[in-house]
Amino acid sequence: TSRVRTTRVLTPPAQPFEHHLWVDGTLMSANVYVHNSGLAAFRPFVFVEGIDFGLSGGLPPHRNGDFGWAQFLGCDMDGYPMMAGTPALVDSLIHRGFTPVLVDFADGTADLFDNAALLTDILRHLREHRTDPRPLVVSGASMVGQLARIALRHMEVQGDPTCTSLFV
């Protein structure tokens with residue numbers, strides 16, 4: 001597979017960097033949001049978000065909604081009431097020296113293994129850019145939890161260090 005990366009900066013949460021990877025002739029994409037936590041070191045705590053449940057426009061149910069940093073941080077209580085506790089979690093993680101990172105796939109309903117390949121590439125990218133030697137943490141709920149597990153296992157099988165101490 002050939003790789004295409006478009007990377008902006010690893011700071012403002014309002015401006016994600018776009019991450020792209022060719023997988024079997026298909027360009028897979030995700031927005032990667034990195035919290036500007038003000039910490040001197042970059043130690044990612046990666047939240048993997050898959051199927052967007054907040055819908056905009058005429059999109060079919062449970063597909064390609066409008067989830068992003070604002071929704072993750074609890075700023076859209078009408079569309080995402082389940083995110084009400086996220087600001088406290090994010091503050092707690094920053095207090096513990098983590099930089100919260102949100103991975104939002106362009107298509108959370110794409111082939112599970114294709115999105116896992118994209119996540120693997122994103123995790124490698126984050127690993128290469130971390131400035132804190134301590135391991136990162138990866139989290140994902142529901143089907144995205146399985147996807148993240150596939151990505152981490154793929155890295156292990158390939159002998160590629162995940163540099164991950166915890167998978168939630």
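Here the structure is a predicted model, which is why all the values come from computation and not from measurement.
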How far does CZ of F45 sit from OG1 of T99, to the nearest 0.5 angstrom?
-> 12.0 Å
Atom CZ of R130 and atom CG of L136: how far apart are they, to the nearest 0.5 Å?
-> 6.0 Å
L152 and L123, any side-chain heavy atoms less than 4.5 Å apart = yes
What about L89 and L166, same hydrophobic cluster or not, with Ile/Leu/Val/Met/Phe/Trp/Tyr joined at side-chain heavy-atom distances under 4.5 Å?
-> yes
So which heavy atom on V144 is nearest to which on E49, and how close?
-> CG2-C, 4.1 Å
Would you say the side chain of R134 lies within less than 4.5 Å of the side chain of S165, judging by non-hydrogen atoms?
-> no
Check whether any side-chain N or O of S92 sits under 3.5 Å from a backbone N or O of A88 as a donor-acceptor pair, and report yes or no.
-> no
Criterion side-chain hydrogen bond (donor to acceptor under 3.5 Å, both in side chains) on S29 and H20, from CA distance to verdict | CA-CA 4 Å; S29 300; H20 307 284; 2.7 Å; yes
Looking only at atom types and distance, does a side-chain atom of Q71 sit under 3.5 Å from a main-chain N or O of G68, one as donor and one as acceptor?
-> yes
Shortest non-hydrogen contact from A148 toward F167 = CB-CE1, 3.5 Å
Within the distance-only criterion (no hydrogens, no angle test), does the side chain of R153 pair as donor or acceptor with the backbone N or O of E156 below 3.5 angstrom?
-> no
Before giving the answer on side-chain contact (heavy atoms from CB on, under 4.5 Å), spell out for F42 and L126 the whole-Å C-alpha distance, their side-chain angles and the decisive distance to 0.1 Å.
-> CA-CA 9 Å; F42 178 55; L126 292 171; 3.9 Å; yes
Minimum heavy-atom distance between I122 and A30, given as atom pair plus value = CD1-CB, 3.9 Å
May I ask you to check whether over 12 heavy atoms, not counting those of M77, lie within 6.0 Å of atom CE?
-> yes
d(H95 NE2, L39 CG) to nearest 0.5 Å is 11.0 Å
Side chain of S139, backbone of V46: donor and acceptor closer than 3.5 Å?
-> yes
Answer yes if V157 and V23 sit in the same cluster of Ile, Leu, Val, Met, Phe, Trp and Tyr residues linked by side chain heavy atoms under 4.5 Å apart, and no otherwise.
-> no
Residues I150 and A116: closest non-hydrogen pair is CG2-CB, 3.7 Å
Side-chain touch H35/V101, heavy atoms, less than 4.5 angstrom | no
Any donor-acceptor pair under 3.5 Å linking the side chain of R127 with the backbone of P161?
-> yes
Give the minimum heavy-atom separation between F98 and V137, together with the two atoms involved.
-> CE2-CG2, 3.7 Å
Distance col, row L21:CG vs L27:CG, nearest 0.5 angstrom, shows 8.0 Å
Hey, mind stepping through F105 and L147 against side-chain contact (heavy atoms from CB on, under 4.5 Å) and telling me if it holds?
-> CA-CA 11 Å; F105 296 107; L147 184 151; 3.7 Å; yes
Keeping the roles fixed (side chain from R43, backbone from T131), state whether a donor-acceptor pair exists under 3.5 Å.
-> no
Under 3.5 Å, is there a donor-acceptor pair between the side chain of N115 and the main chain of D107?
-> yes
For side-chain contact (heavy atoms from CB on, under 4.5 Å), just list the numbers for H125 and F17, CA-CA rounded to whole Å, side-chain angles, deciding distance to a tenth of an Å, and then say yes or no.
-> CA-CA 11 Å; H125 180 76; F17 72 83; 3.5 Å; yes
So, do F47 and F72 have ring centers that fall under 6.0 Å from each other?
-> yes
Count the heavy atoms belonging to other residues, nucleotides or ligands that lie under 6.0 Å from CZ of R149, then report whether that count exceeds 12.
-> no
In terms of heavy-atom contacts, T120 and H154 come closest through CG2-CD2, 4.0 Å
